[in-house]
Asker: 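Handing you a structure now.
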Amino acid sequence: MLYNTWFGDKLKEGIVVFKIVEKESLNPVVERITIEAPYVAAKCEPGQFVILRVDEDGERIPLTVSDWDREKGYVSVCFQPVGATTEALNHKKKGECIADFVGPLGKETETDNLKKVCVIGGGVGSAIALPICKKLHAKGVDVTAIVGFRSKDIVFYEDEFEANSKELIRTSDDGTWGEKGVVTAPLERMLEAGEKFDQVIAIGPLIMMKFVCLTTKKYDQPTVVSMNPIMIDGTGMCGCCRLTVGGETKFACVDGPDFDGHLIDFDEVMARATTYGEWEKKRHEETCNLYKKEA
Ligand code: NAD
Ligand code: FES
């Protein structure tokens, strides 16, 4: 309805709008929305991200693309509604529009000249690991996927990982899906047995990526991680997404988001990630109250 009125007028003025064409819950805590964004869909590749704003006065958040359909002009992103903006995004319904959806930004994940790769996805990060598996698998690369969730009831994309890897190793923290434990356990077991990879690619919570890197460093296995820090402009201008890589300051939005995991100062990144924790908590409470009042 909204699309046909205010946004319809904007369309007539030649302004691009970003309509939500699909919305689904992958599990009780992870949502997937698909946006009509033909210019992004035409060019995006695994590992790249978009910066979106839900409303005209909203904050910008970066989300890595998880799927796309170039013919239809659709792009999907997955997110956990944990902060004010992701909560607001989650309140949007199919058919409604969001204010901005800018991308593709950042560099794509490097997939050339690789023969044997281990792709590791942890929790919601698995949604971003999948398109990398798909691209590598389509190129004929020997892909071992290690996918970890806390529990069986929040697993998603199992069939898709199975279809796009030579081997899928499942882990869950509580032992209800695959082997009990975290993703680094099967990784270490394989490396200890003498397995070698041209590249290990890890996407998930910072703590997981840190421990994957500590594990692969012991066995001298090249490792790439996808960093997703707080961003504002996404074009290398504001410096908000800076991180230290090999002793040098890099900007995740233009130099990444993929980096050599063995060179990242993870402790600094993790400290910066909590900078706006209190503010987020306050905004989250305000947002929830607002929605309660409107309901
Ligand atoms: P989670 O806490 O459920 O962990 C997922 C898996 O990671 C676990 O099942 C386990 O196998 C592994 N893991 C966790 N701690 C580990 C450790 N210490 N050692 C080895 N493996 C470990 O993850 P979640 O709640 O789905 O993730 C949420 C976080 O992921 C958020 O902080 C979000 O910002 C981040 N995230 C990052 C990216 C990215 O691009 N890097 C993308 C999406 C989400
Ligand atoms: Fe501003 Fe990267 S988000 S420099």
Side-chain angles (χ1 to χ4, degrees), residues 26-32 46-51 59-66 77-83 86 102-103 105-107 109 119-132 145-157 169-188 201-216 224-243 249-259 261 264 266 269-270 272-274 276-277 280:
L26 295 181
N27 70 26
V29 287
V30 179
E31 301 295 321
R32 169 183 150 126
Q48 290 188 296
F49 66 95
V50 295
I51 288 194
E59 68 165 343
R60 303 153 191 239
I61 56 162
L63 289 173
T64 307
V65 295
S66 69
V77 289
C78 299
F79 62 98
Q80 286 176 303
V82 287
T86 45
V102 177
L105 298 166
K107 295 177 180 166
T109 299
V119 178
I120 304 174
V124 63
S126 305
I128 301 164
L130 180 62
I132 298 169
I146 305 178
V147 180
F149 285 92
R150 266 171 274 144
S151 185
K152 184 181 167 60
D153 56 350
I154 58 168
V155 171
F156 55 80
Y157 290 159
I169 300 172
R170 304 158 175 83
T171 72
S172 57
D173 301 11
D174 64 2
T176 52
W177 187 67
E179 66 179 81
K180 185 175 178 10
V182 294
V183 290
T184 42
L187 174 67
E188 175 123 39
I201 301 172
I203 303 144
L206 285 170
I207 190 74
M208 181 203 92
M209 295 194 287
K210 175 180 172 172
F211 278 95
V212 165
C213 292
L214 289 172
T215 306
T216 55
V224 163
V225 293
S226 174
M227 305 306 283
N228 190 21
I230 296 160
M231 292 187 188
I232 296 179
D233 65 309
T235 62
M237 301 291 283
C238 71
C240 183
C241 66
R242 67 187 176 275
L243 66 163
T249 298
K250 298 280 180 188
F251 296 149
C253 66
V254 286
D255 300 318
D258 286 0
F259 290 100
I264 289 181
F266 273 103
V269 175
M270 286 155 94
R272 280 179 62 80
T274 58
Y276 297 105
E280 270 292 350

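Ligands are counted one by one from 1 in listed order, and the atoms in each one are counted from 1 as well. Note that the structure is predicted; figures quoted are calculated from it, not measured.
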Asker: Do you know the tightest heavy-atom contact between G103 and V50?
Answerer: CA-CG1, 4.2 Å
Asker: What do you get for the angle at atom 1 (Fe) of ligand 2 between SG on C238 and OD1 on D233, to the nearest 10 degrees?
Answerer: 80°
Asker: Which ligand 2 atoms does I232 reach within 4.0 Å, using its non-hydrogen atoms?
Answerer: 3 (S)
Asker: With rounding to the nearest 0.5 Å, note down the distance linking CD1 in I201 to CD1 in I146.
Answerer: 12.5 Å
Asker: When you measure from atom 18 (N) of ligand 1 to the protein, is at least one non-hydrogen atom found at a distance under 4.0 Å?
Answerer: yes
Asker: Around atom 43 (C) of ligand 1, find the nearest protein heavy atom and jot down its residue, atom name and distance.
Answerer: V124 CG1, 3.8 Å
Asker: With heavy-atom distances below 4.0 Å as the criterion, list the atoms of ligand 1 near Q80.
Answerer: 25 (O), 28 (C)
Asker: Given I203 and I120, is the side-chain contact (heavy atoms from CB on, under 4.5 Å) satisfied, shown in steps?
Answerer: CA-CA 6 Å; I203 303 144; I120 304 174; over 6 Å; no
Asker: Could you tell me whether F211 and ligand 1 have an N or O pair separated by under 3.5 Å?
Answerer: no
Asker: Can you check side-chain contact (heavy atoms from CB on, under 4.5 Å) on Y157 and C78, steps first, answer last?
Answerer: CA-CA 12 Å; Y157 290 159; C78 299; 4.2 Å; yes
Asker: Is G122 close to ligand 1, meaning an N/O of one under 3.5 Å from an N/O of the other?
Answerer: no
Asker: Give me the residue, atom name and distance of the protein heavy atom closest to atom 4 (S) of ligand 2.
Answerer: G239 N, 3.2 Å
Asker: Would M227 count as a contact residue for ligand 1, given that I'm defining contact as a non-hydrogen atom of the residue lying under 4.0 Å from a ligand atom?
Answerer: no
Asker: Starting from the C-alpha separation in whole Å, work towards a yes-or-no answer on side-chain contact (heavy atoms from CB on, under 4.5 Å) for R272 and I230.
Answerer: CA-CA 9 Å; R272 280 179 62 80; I230 296 160; over 6 Å; no
Asker: Please find the pair of heavy atoms, one from L243 and one from A252, that lie closest to each other, and give the distance.
Answerer: CD2-N, 3.7 Å
Asker: Heavy-atom contacts with G234 under 4.0 Å: which atoms of ligand 2 show up? List them by number with element.
Answerer: 1 (Fe), 3 (S)
Asker: Can you report which non-hydrogen protein atom sits closest to atom 2 (O) of ligand 1, along with the distance?
Answerer: R150 NE, 3.8 Å
Asker: Hey, does L206 have a side-chain heavy atom less than 4.5 Å from the side chain of M270?
Answerer: yes
Asker: Considering only heavy atoms from C-beta outward, does the side chain of M237 approach that of F251 to under 4.5 Å?
Answerer: no
Asker: Within a strict 4.5 Å, meaning less than it, do heavy atoms of the P205 and F211 side chains meet?
Answerer: no
Asker: Do V183 and M208 have side chains that approach each other closer than 4.5 Å (heavy atoms only, starting at C-beta)?
Answerer: yes
Asker: What protein heavy atom sits nearest atom 42 (C) of ligand 1, and how far off is it?
Answerer: I128 CD1, 3.3 Å
Asker: Is there side-chain contact between I154 and P28, with heavy atoms separated by less than 4.5 Å?
Answerer: yes
Asker: Quick check: closest heavy atoms across I61 and T86, and the distance to 0.1 Å?
Answerer: CD1-CG2, 3.9 Å
Asker: Given that the side chain starts at C-beta and the backbone is N, CA, C, O, which of these parts of L206 lies under 4.0 Å from ligand 1, counting heavy atoms, or is it both or neither?
Answerer: neither
Asker: Atoms of ligand 1 less than 4.0 Å from V183 heavy atoms?
Answerer: 11 (O), 21 (N)
Asker: Which one holds for D173 and ligand 1: side chain close, backbone close, both close, or neither close, with close meaning a heavy atom under 4.0 Å?
Answerer: side chain
Asker: If you have a sec, work out which protein heavy atom is nearest atom 5 (C) of ligand 1 and how many Å separate them, to one decimal?
Answerer: G123 N, 3.4 Å
Asker: What is the closest protein heavy atom to atom 12 (C) of ligand 1, and at what distance does it sit?
Answerer: M208 CG, 3.6 Å
Asker: Select the closest option to atom 23 (O) of ligand 1 among G256, P205, G121, judged by heavy-atom distance.
Answerer: P205
Asker: Give the contacting part of M237 toward ligand 2: side chain, backbone, both or neither, where contact means a heavy-atom distance below 4.0 Å.
Answerer: backbone
Asker: Do K180 and S172 make a side-chain contact, defined as non-hydrogen atoms from C-beta onward lying under 4.5 Å apart?
Answerer: no
Asker: Would you mind checking which non-hydrogen protein atom is closest to atom 21 (N) of ligand 1, with the distance to 0.1 Å?
Answerer: V182 CB, 3.4 Å
Asker: Need the ligand 1 atom indices (1-based, order shown) with element for anything under 4.0 Å from a heavy-atom of I207.
Answerer: 15 (N), 18 (N)
Asker: Run the numbers for me: atoms of ligand 2, each under 4.0 Å from some heavy atom of M231, listed by number.
Answerer: 3 (S)
Asker: Indicate yes or no: at least one non-hydrogen side-chain atom of V269 is less than 4.5 angstrom from one of P229.
Answerer: no
Asker: Rounded to the nearest 10°, what angle sits at atom 2 (Fe) of ligand 2 between SG of C253 and SG of C241?
Answerer: 100°
Asker: Number the atoms of ligand 2 from 1 as they appear, then name those within less than 4.0 Å of a heavy atom of G236, with their elements.
Answerer: 4 (S)
Asker: I need the atoms of ligand 1 closer than 4.0 Å to a non-hydrogen atom of F149, numbered in the order shown.
Answerer: 9 (O)
Asker: May I ask you to list the atoms of ligand 1 that are less than 4.0 angstrom from any heavy atom of T184?
Answerer: 20 (C)
Asker: For atom 7 (O) of ligand 1, is some protein heavy-atom partner under 4.0 Å away?
Answerer: yes
Asker: Answer whether the closest heavy-atom distance between the side chains of V225 and I264 falls below 4.5 Å.
Answerer: yes
Asker: Going by the atom numbers of ligand 1, which of them fall below 4.0 Å from some non-hydrogen atom of S226?
Answerer: 39 (C), 40 (O), 41 (N)
Asker: Looking at S151 and T176, what are the two nearest heavy atoms and their distance?
Answerer: OG-OG1, 3.4 Å
Asker: Is any heavy atom of the protein nearer than 4.0 Å to atom 33 (C) of ligand 1?
Answerer: no
Asker: Would you check the N or O atoms of N228, main chain and side chain alike, for any that come under 3.5 Å of an N or O of ligand 1?
Answerer: no
Asker: Give the residue and atom name of whichever protein heavy atom lies nearest to atom 36 (N) of ligand 1, and the separation in Å to one decimal.
Answerer: G204 O, 4.0 Å
Asker: What heavy-atom pair brings P186 and T171 nearest, and what distance separates the two atoms?
Answerer: CG-CG2, 3.7 Å
Asker: Would you name the heavy atoms of A202 and M209 that are closest together and state the gap between them?
Answerer: O-SD, 3.4 Å
Asker: Could you tell me if any non-hydrogen atom of M209 lies under 4.0 Å from any atom of ligand 1?
Answerer: yes
